[in-house]
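Below is one structure, written out as structure tokens; comments come after it.
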Amino acid sequence: MADLAIEGGKPVRKNPLPYGRQSVDEEDIQSVVAVLRSEWLTTGPKVGAFEEAFASAVGAPHAVAVSSGTAALHAAVYALGVGPGNEVIVPAMTFAATANCVVYQGGTLVFADVDRETLLIDPEQVEKKITSRTKAVIAVDYTGQPCDYDRLKALTDRRGIKLVADACHALGGAYKGHPVGALADLNTFSLHPVKHITTGEGGIITTHDATFAQRMRVFRNHGITSDHRQREASGGWHYEMVDLGYNYRLTDIQCALGLSQLRKLPGWIARRQEIARRYDAAFADLKTIKPLVVRPDVSHAYHLYVIALDPDRLRVKRDAVFAALRAEGIGVNVHYMPVHLHPFYRKRFGTGPGLCPVAEEAYEQIISLPIFPGMADDDVDDVIAAVRKVVTAYAV
Ligand SMILES: *Cc1c(COP(=O)(O)O)cnc(C)c1O
């Protein structure tokens, strides 16, 4: 067997492969250049055009573009009226921003544990955590697999609790034939370069509720009810700030890029799914690692491809496997340290180990492999070769 690169052997790759990377082509570049030559660099016609195209791509009537996925989450919990005294249930296995947005608004965070096989929020755990103060549940479509929205909606709807989908991983996915973006009361997306489509930084929220959409448009513009372009059109100067908002606007430069990127989404999703199928097939015979379970009623958007190590069949821990794969030139990553284990949450809210044991145990075992549409088949083969090489060398 070949020697591991971490022990001085020859690495599978010389040039490291990242875990995710944007695809930007000449058409994208030209669409941005055209805006730079135009009258409106921000709050112009591209914002509405991007919102309309995005809403129609996910089958929702309204989309509100904002400056990041984090701003999208903040706008969503604001639109729901989350504030002091309201509890919001959030899965432990997610990026910190999913929880931070509740803290921004002074709401009370309640962490729910995840399902062992999918690492998606566990509806049974959600039900246990619901109280008379629960205002909302934020479900996270972790890795790009939509959560069990039928079960979550059954739990929330009859109690008057709102459901937010943090769909930052899942643009282009579907649940029982319904596209992600039309599944929850509010659905949030990130347009960061590592996500499915990018505007550099950016975010967007989709909803069926016109009132929520209007509140979020005001929120992203300082809490002011009219924007610069609307005032120019009406010839007036007067405006009113009706609530405390932020400058969370997305520029026309960015929206032009978003429009151009959105056209390529179906092909990119197909490529992500194809890479995932190749990984699935290549790892099927390995006992040392297991990909996360994908339920049959979903179309997985594969923002991430996560494998779980079997600690009983390996003689080293996750961090050693991680370091060995990095040494082979594979840009593996870990998504995520459970939010309640971060120092801020421990200090501020006294959270810590034991609160969500399934997420905590999974965290010790997971590794994200590279997956992005620009990966060539040779790149996929390198990842497969490196994973097989490393886990075989470390197998008990
Ligand atoms: C990326 C991401 C966010 C935040 O998006 P930004 O655009 O980076 O602010 C929030 N939640 C999840 C699950 C994400 O993956």
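Remember, it's a predicted structure, so these values are computed and weren't measured experimentally. In listed order, ligands and their atoms are each counted from 1. Residue numbers count from 1 along this sequence. Keep in mind that the numbers below use all heavy atoms, side chains included, and drop hydrogens, waters and symmetry copies.
- Atoms of ligand 1 lying under 4.0 Å from any heavy atom of G202, numbered from 1 in the order shown and given with element: 7 (O).
- Polar contact with ligand 1: present for S190 (N/O pair, distance under 3.5 Å).
- Among all protein heavy atoms, the one lying closest to atom 2 (C) of ligand 1 is K195 NZ, 2.7 Å.
- Aromatic ring centres of H178 and Y149: separated by at least 6.0 Å.
- In this structure, F212 has its ring center at least 6.0 angstrom away from the ring center of H62.
- Relative ring orientation between H196 and H303 is described as tilted, the plane-to-plane angle lying within the 30° to 60° band.
- Under the 4.5 Å side-chain criterion, counting only non-hydrogen atoms from C-beta, Y336 is not in contact with Y363.
- Listed for the R271 side chain is no donor-acceptor partner under 3.5 Å among the backbone atoms of G267.
- In summary, the atoms of ligand 1 found under 4.0 Å from a heavy atom of T94, numbered by their order in the structure, are 13 (C).
- For ligand 1, none of its N or O atoms has an N or O atom of F95 under 3.5 Å away.
- The backbone N or O of R313 sits nowhere less than 3.5 Å from a side-chain atom of T288 that would complete a donor-acceptor pair.
- Neither the backbone nor the side chain of H303 comes within 4.0 Å of ligand 1, counting heavy atoms alone.
- Contacts between L73 and ligand 1 below 4.0 angstrom, taking non-hydrogen atoms only, involve the side chain exclusively.
- Residue contact check: T98 has heavy atoms under 4.0 Å from atoms 11 (N) of ligand 1.
- For ligand 1, the atoms lying closer than 4.0 Å to a non-hydrogen atom of Y336 are 15 (O).
- Among R133, K129, K135, the single residue meeting the salt bridge (Lys or Arg N to Asp or Glu O under 4.0 Å) criterion with E87 is R133.
- Looking from atom 11 (N) of ligand 1 to the surrounding protein, the closest heavy atom is D166 OD2, 2.9 Å.
- Of all protein heavy atoms, the one closest to atom 9 (O) of ligand 1 is T70 OG1, 2.6 Å.
- L191 pairs with exactly one of V66, T199, L257 by the side chain to side chain contact (heavy atoms under 4.5 Å, CB included) rule, that one being T199.
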